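First comes the structure, then the notes that go with it.
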Amino acid sequence: MLRILSPSILAADFCHLEQDIKAAQNGGAKWLHIDVMDGVFVPAISFGMCVIKSIRKCTDLFFDTHLMITDPIRYVEEFARLGSNGITVHEEACKDVSATLDAIHKAGCRAGLSINPETPIGKIEPYLDKADMILLMSVEPGSGGQEYLPESTNRIREVRRMLETSGRNIDLEVDGGIRMTNLKEVLDAGANVIVAGSAIFTGDITANVQDFLRVF
Ligand code: DX5
Ligand code: ZN
């Protein structure tokens, strides 16, 4: 399966966001991970529509929008219109997961379904006919720079097996605490889309992306 790096701009410097995005792109990144937090589903509030609208003008990277918001179906159309290419919602946050994934497709985006570290992986199974991607959180959602939860590696293996038996080509994205020291472990376990925030946007962004991609 194609391996993809999705740098999370949550860890970028918003004083010069365009510069940081272009530095990641120069290193070879093809996706950008965009963490939207509402202060309800997770305690923190990050950023929303106006940021996505603005950065859409300065890059053609694939916008991998991760909605950590309650009842996300309310905003699917708007995030699609502003330039998201993929929209991922949390199983825990949806009133109707199936309808939300349908709405994402209807809006012209790839549909992702995410679960938190403590959510049983069986919860995603009913939706494998609709999801284009599963996003496994490997930290508690809500902030960058946390430590990777070691039990995530087994969860990645189990979900990869589940995706293989589904007979569909579903991406498996892992998000939280990924850095050069555990990247290989996460890839070997079966993840093919890697989110990294602090490990990419701290120091030399272009070199960090290149270092990650060499392991791919
Ligand atoms: C956490 C976010 C992550 C975060 C990852 O709630 O979903 O995407 O930005 O940051 P790092 O790579 O620093 O753990
Ligand atoms: Zn994220």
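When a ligand or atom number is given, it counts from 1 through the structure's own listing order. The structure displayed is predicted, hence computed values, not measured ones.
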Measure the CE-OG1 distance between Met68 and Thr65 for me, rounded to the nearest 0.5 Å.
10.5 Å

Checking Ser8 against Asp35: is there a side-chain donor and acceptor pair closer than 3.5 Å?
yes

Which heavy atom of Ala44 sits nearest to which heavy atom of Gly142, and what is that distance?
CB-O, 3.5 Å

Atom name in Asp35, limited to N/O/S, at shortest distance from the Zn ion (ligand 2)
OD1

Would you kindly say whether Gln25 and Asp60 are connected by a side-chain donor-acceptor distance under 3.5 Å?
yes

So what does the Asp175 OD2 - the Zn ion (ligand 2) - His66 ND1 angle come to, to 10°?
90°

Ligand-protein N/O pairs under 3.5 Å (ligand 1):
residue	atom	partner	partner atom	Å
ligand 1	6 (O)	Gly142	N	2.7
ligand 1	7 (O)	Asp35	OD1	3.0
ligand 1	7 (O)	His66	ND1	3.3
ligand 1	7 (O)	Asp175	OD2	2.9
ligand 1	8 (O)	His33	NE2	3.4
ligand 1	8 (O)	Asp35	OD1	3.1
ligand 1	8 (O)	Asp35	OD2	2.7
ligand 1	8 (O)	Asp175	OD1	2.7
ligand 1	8 (O)	Asp175	OD2	3.0
ligand 1	9 (O)	Ser8	OG	2.9
ligand 1	9 (O)	Asp35	OD2	2.9
ligand 1	12 (O)	Gly197	N	2.8
ligand 1	13 (O)	Gly145	N	2.8
ligand 1	13 (O)	Ser198	N	3.0
ligand 1	13 (O)	Ser198	OG	2.6
ligand 1	14 (O)	Gly177	N	2.8

Please check if the number of heavy atoms outside Tyr75 that lie under 6.0 Å from its OH is greater than 12.
no

Less than 6.0 angstrom separating the ring centers of Phe79 and Phe63, yes or no?
no

Applying side-chain contact (heavy atoms from CB on, under 4.5 Å) to Asp211 and not counting sequence neighbours gives Met180, Arg214

